[in-house]
Asker: 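Right, I'll just put the structure down here and ask away after.
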Amino acid sequence: MQLPPAQSLRSARTPAPPDPAFAPSPVHSAAMADERPAMPKAITRKSEDFDRWYTDTVRRAELADYAPVRGCMVIRPYGYALWERIQRALDDMLKRTGHENMYFPLLIPESYLLKEAEHVKGFAPEVAWVTQGGQKELEERLAIRPTSETIICSMFADWIHSYRDLPVLINQWANVMRWEKRTRLFLRTSEFLWQEAHTFHETHAQAAAEVDTGLECYRELAEEWLAIPVIPGRKTESEKFAGAEYTLSIEAMMSDGWALQSGTSHHLGQNFTRAYGISFSDRENVLQHPFQTSWGLSTRIIGGLIMAHGDDAGLVMPPRVAPIQVVVVPVTRSNDPEGAAAVDEACRRIAAEAGDVRLRVDRREGIRPGEKYAHWELRGVPLRLTVGARDLATGQVTVTRRVDGESWAEPLDGVAARLPALLDEVQARIRSRAEGLLRDRSVEVRSLDELREAFAERPVFANAPFCERPACEEAVTSAAHALTIRVLRRDRSGEVGRCLACGEASSEVALIARAY
RNA sequence: CGGGGAGUAGCUCAGAUGGUUAGAGUACUGGUCUGGGGGACCAGGGGUCCGCGGUUCGAGUCCGCGCUCCCCGACCA
């Protein structure tokens, strides 16, 4: 097969359309099908194959790659830098709300795990076990933590004695392992990184307030930092955490209309504290079991970030968590040393005046500007400054916004000082685009027929009055392919209606969607 | 965990019925010309053909077992 001439290749590519997230390119697909070059320079089109687009993007943007063990991944420096940004934002919130970090061991004795019946039942299928140390078979096998409630309870049983010891508000940043059957980079890996907060309280109400605090931290992280609008709510009985009294979560819409559970917060009641024998003397000197919560947010959120904002050119990073916020690309000619010196001088000046802005000047030699543009677009860098002789002739630089491809000229003087404001605007645009998507693809339904209809064309977020009966949940989830009740919406709890399945009185609104 | 597909250079792949020293494009290295959207030319380097075992004079190719990835279903942050 003949390779197409370079010209036709170039014309087949679509240079960052104005709204690339929703702009399919039939021209491109046709070209790819008939004369697909050996190594396509572009990643798979999002509209063509969302799953492949996702994996391509993660790998080509060098966020992560597969490791030799099934379901495990290596988080590469760019991906880890992103995680560190997320960690810092969330960790600050945790500290602000009174939580302290500590660390528990990776290995948990089997007997610890067995104490809470529901919990064991829930996690049994996905626990990985250590059975041997060196050459010796262990007397008791050790679980690689799938979560840490059990070990934490066992330890705090020794440390909590009085109401004066409460509340306990702790958190740990750790890795956990769940032997997953179907894995996907970031979204569902066997080992993942997360934060797990664990708290103990005197009263049920105090614990309930803490569950809300946790969820609010997640909402703030998602919306204010990651620019992902979320819908907070309560999980149905069938979807709640193993061993919890109830579970709250935030649900985000990915740009293909699927839902991603992006953070969960559990009220554990006294289920674990009773099972693990944690008790305290209350203010009347009566022995009580404390009320407990736990909540976690994982590297999965990175998958959410990618799928919520990314487009055909790759990632779109919200500036507040972008490892690199601004990239400066110098454009010079080799036969114009004076021009090159001026460009270099301008780049230095911008870098020097950038202050806290995370800015990088791409001085790599022998790489043409166009390739650098593509390189940083793939990585989602929010703003690009192009600095060439043409710009400097009029005392300007060219600014290009990743999210929508908009380009304009800014005076070189003081441009560095204006970057924070420009980045804020980018943050707002990314968020409002995501909010627009959520709005456009949310529908209200009142019956199973309407539900089916709503999903006939494409995945949506369907809201419906729901009575919470398991039989009705079953009816809802089997009404169309792969439906799930994501949450009972927080913001609409108490809304009077008639259940979409049985028609009986209801006071909750279910968010129904297909989910990752 | 069931059904299907795949694994050959960093990547995408070609290697017919087993037969010399395993190829291409791209990426990589050096050089020259270049430089405002993934450049051109020249010269190079790079392979335990996923692993283990077997059949054979001879295995990338055939057989068995295992591992990993992808797709479709049942379970999950």
Asker: Taking CH2 from A/Trp376 and C1' from B/G38, how many angstroms apart are they, rounded to a whole number?
Answerer: 15 Å
Asker: Can you see whether A/Gln261 engages A/Ser249 through a side-chain donor-acceptor pair at a distance of less than 3.5 angstrom?
Answerer: no
Asker: For A/Tyr103, which residues count as a ring pair (Phe, Tyr, Trp, His ring centres under 6.0 Å) partner, sequence neighbours excluded?
Answerer: none
Asker: Atom pairs, N/O to N/O, protein against nucleotides 68-77 of chain B, distance under 3.5 Å?
Answerer:
from  : atom 1 : to       : atom 2 : distance (Å)
B/U68 : OP1    : A/Arg70  : N      : 3.4
B/C69 : OP1    : A/Gly71  : N      : 2.8
B/C69 : O3'    : A/Tyr66  : OH     : 3.3
B/C70 : OP1    : A/Tyr66  : OH     : 2.6
B/C72 : OP2    : A/Arg182 : NH2    : 3.3
B/G73 : OP1    : A/His481 : NE2    : 2.8
B/C76 : O2'    : A/Glu180 : OE2    : 3.3
B/C76 : O2     : A/Arg188 : NE     : 2.1
B/C76 : O2     : A/Arg188 : NH2    : 2.8
B/C76 : N3     : A/Arg188 : NE     : 3.3
B/C76 : N3     : A/Arg188 : NH2    : 2.7
B/A77 : O3'    : A/Gln261 : OE1    : 3.3
B/A77 : O3'    : A/Gln261 : NE2    : 2.0
B/A77 : O2'    : A/Gln261 : O      : 3.4
B/A77 : O2'    : A/Arg300 : NH1    : 2.6
B/A77 : N6     : A/Thr189 : N      : 3.1
B/A77 : N6     : A/Thr189 : O      : 2.4
B/A77 : N3     : A/Ser298 : OG     : 3.1

Asker: Applying a 4.0 Å non-hydrogen cut-off, can you work out what A/Gly296 is touching in the nucleic acid: base, sugar-phosphate, or nothing?
Answerer: nothing
Asker: Partners of A/His198 by ring pair (Phe, Tyr, Trp, His ring centres under 6.0 Å), sequence neighbours excluded?
Answerer: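 Ring pair (Phe, Tyr, Trp, His ring centres under 6.0 Å) list for A/His198, sorted by chain: empty.
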Asker: Across all strands, who's sitting opposite B/G38 as a Watson-Crick or G-U wobble pair, both distances under 3.5 Å?
Answerer: none
Asker: For atom C1', what is the distance between B/C42 and B/G47, given to the nearest Å?
Answerer: 25 Å
Asker: Look for any protein N or O under 3.5 Å of an N or O in nucleotides 28-34 of chain B and output each such pair with its distance, or none.
Answerer:
from  : atom 1 : to       : atom 2 : distance (Å)
B/U34 : O2     : A/Arg368 : NH1    : 3.4

Asker: According to the Watson-Crick and G-U wobble definitions, with both distances under 3.5 Å, which nucleotide is paired to B/C69?
Answerer: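 Result: B/G5.
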Asker: Counting only Watson-Crick pairs (N1-N3 plus N6-O4 or O6-N4) and G-U wobbles (N1-O2, O6-N3), all under 3.5 Å, who is the partner of B/G64?
Answerer: B/C52
Asker: Between B/A14 and B/C50, how many Å separate the two P atoms, rounded to a whole number?
Answerer: 13 Å
Asker: State whether a side-chain donor-acceptor pair under 3.5 Å links A/Ser407 with A/Thr400.
Answerer: yes
Asker: Using atom P in both nucleotides, what's the gap between B/G10 and B/G51 to the nearest angstrom?
Answerer: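 The answer is 13 Å between these two P atoms.
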Asker: Which residues pass the ring pair (Phe, Tyr, Trp, His ring centres under 6.0 Å) test with A/Phe466, sequence neighbours left out?
Answerer: none
Asker: Over all heavy atoms of both residues, which pair between A/Ala242 and A/Glu118 is shortest? Give the atoms and the distance, please.
Answerer: CB-O, 3.5 Å
Asker: Say we look at B/A9 and B/G5: how far apart would their C1' atoms be, to the nearest angstrom?
Answerer: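 The answer is 23 Å between these two C1' atoms.
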Asker: Give the rounded distance in Å between these two atoms: CZ of A/Arg384 and P of B/G37.
Answerer: 9 Å
Asker: For B/A16, which nucleotide is its Watson-Crick or G-U wobble mate, given both distances must be under 3.5 Å?
Answerer: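 With both distances under 3.5 Å required, B/A16 matches none.
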Asker: Could you state the atom-to-atom distance from CG of A/Asp56 to C1' of B/U12 in whole Å?
Answerer: 11 Å
Asker: Just by distance, do the side chain of A/Asp391 and the backbone of A/Gln396 share a donor-acceptor pair under 3.5 Å?
Answerer: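 Judged by distance alone, no pair lies under 3.5 Å.
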Asker: Using the side chain to side chain contact (heavy atoms under 4.5 Å, CB included) rule, take A/Asp91 and A/Asn101 through it: C-alpha gap first, then chi angles, then the decisive distance, then the call.
Answerer: CA-CA 9 Å; A/Asp91 200 60; A/Asn101 284 329; 3.0 Å; yes
Asker: Mind checking the C1' distance from B/C52 to B/G7? Whole angstroms is fine.
Answerer: 16 Å
Asker: Which base sits across from B/A43 as a Watson-Crick or G-U pair, both distances under 3.5 Å?
Answerer: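 Base partner found: B/U29.
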Asker: Rounded to the nearest Å, what distance is computed from the CG atom of residue A/Leu392 to the P atom of nucleotide B/G36?
Answerer: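 Result: 16 Å.
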Asker: If the P atom of B/C70 is compared with that of B/C13, how far apart are they to the nearest Å?
Answerer: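 Comparing P positions in B/C70 and B/C13 gives a spacing of 14 Å.
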Asker: Which value, in whole Å, describes the distance between the P atoms of nucleotides B/C1 and B/G15?
Answerer: 34 Å
Asker: Listing request: all side-chain hydrogen bond (donor to acceptor under 3.5 Å, both in side chains) pairs with a residue in residues 326-343 of chain A, at least two apart in sequence or in separate chains.
Answerer: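 Sorted result for residues 326-343 of chain A: empty, none.
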Asker: Which whole number of Å gives the distance between the C1' atom of B/G46 and that of B/C28?
Answerer: 9 Å
Asker: Tell me whether the guanidinium CZ or amine NZ of A/Arg178 lies under 6.0 angstrom from the six-membered ring centre of A/Trp194 and within 45° of its axis.
Answerer: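 Yes, A/Arg178 and A/Trp194 form such a contact.
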